[in-house]
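Input: a single structure, listed below in structure tokens.
Predicted, not measured: the structure shown is a model, and the values here were computed from it.
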Amino acid sequence: MKIGKKKKSGQLYRAILALQSEEECYEFFQDLCTISELRSMEQRYEVASLLDDGMIYNDILERTGASSATISRVNRSLNYGTGAYSRLFARLKGRELHE
């Protein structure tokens, strides 16, 4: 599998899967990423979640501060990407129903 033009290394993804708690995950990403990178990923994830819930662009823009370009890019990933967002949201919603 490739990311961009380079073959991906599975090391990072295996490391993420080895994390055992939300706290471990938080600490790992704090060490791995800059604050700005973390905020960007958190914002994109929130945008994806709100789009998945049916919220419209203007409301998402107001709520998250994300640019319309970011919202559009995330929407494109939701609709034409790998399906990872949809799988994850379905799993999380399934968990919420059982809690």
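- Side-chain atoms of Glu37 come within 3.5 Å of backbone N or O of Thr34 as a donor-acceptor pair.
- Contact between Ala15 and Phe28 at its shortest, heavy atoms only, is CB-CZ, 4.4 Å.
- Minimum interatomic distance between Thr64 and Gln43 (heavy atoms only, all atoms of both residues): O-NE2, 3.3 Å.
- The two residues Cys25 and Leu19 come nearest to each other via the heavy atoms CA-CD1, 3.7 Å.
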With side-chain contact (heavy atoms from CB on, under 4.5 Å) as the test, would you mind laying out the steps for Phe89 and Leu78 before giving the verdict? CA-CA 11 Å; Phe89 293 146; Leu78 268 171; 4.1 Å; yes
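- Between Leu61 and Ser68, the shortest heavy-atom contact is CD1-N, 4.0 Å.
- A distance of 14.5 Å separates CD of Glu46 from CE of Met41, quoted to the nearest 0.5 Å.
- Atom CG of residue Asp59 and atom CZ of residue Arg63 lie 9.5 Å apart, to the nearest 0.5 angstrom.
- Looking at every heavy atom in both residues, Arg44 comes nearest to Tyr85 through O-OH, 4.1 Å.
- Although no hydrogens or angles enter the test, the distance criterion places a donor-acceptor pair under 3.5 Å between the side chain of Glu24 and the main chain of Gln20.
- Taking every heavy atom of both residues into account, Thr82 and Arg87 meet most closely at O-NH1, 3.4 Å.
- Taken to the nearest 0.5 Å, the CD1 atom of Ile60 stands 8.0 Å off from the CG atom of Asn75.
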Take Leu12 and Leu32 through the test side-chain contact (heavy atoms from CB on, under 4.5 Å) and record every step on the way to the result. CA-CA 10 Å; Leu12 172 64; Leu32 180 67; 3.8 Å; yes
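- Considering only heavy atoms from C-beta on, Ile16 comes within 4.5 Å of Phe29 through its side chain.
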Begin with the C-alpha distance, continue with both residues' side-chain angles, and end with the deciding distance and a verdict on side-chain contact (heavy atoms from CB on, under 4.5 Å) for Tyr26 and Asp31. CA-CA 9 Å; Tyr26 177 75; Asp31 287 348; over 6 Å; no
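- Heavy-atom contacts from other residues, nucleotides or ligands closer than 6.0 Å to CD1 of Ile35 number 12 or fewer.
- The backbone N or O of Ser36 sits less than 3.5 Å from a side-chain atom of Ser40, completing a donor-acceptor pair.
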Apply side-chain contact (heavy atoms from CB on, under 4.5 Å) to residues Asp52 and Lys93 and explain how you reach the verdict. CA-CA 11 Å; Asp52 188 64; Lys93 287 176 183 169; 2.8 Å; yes
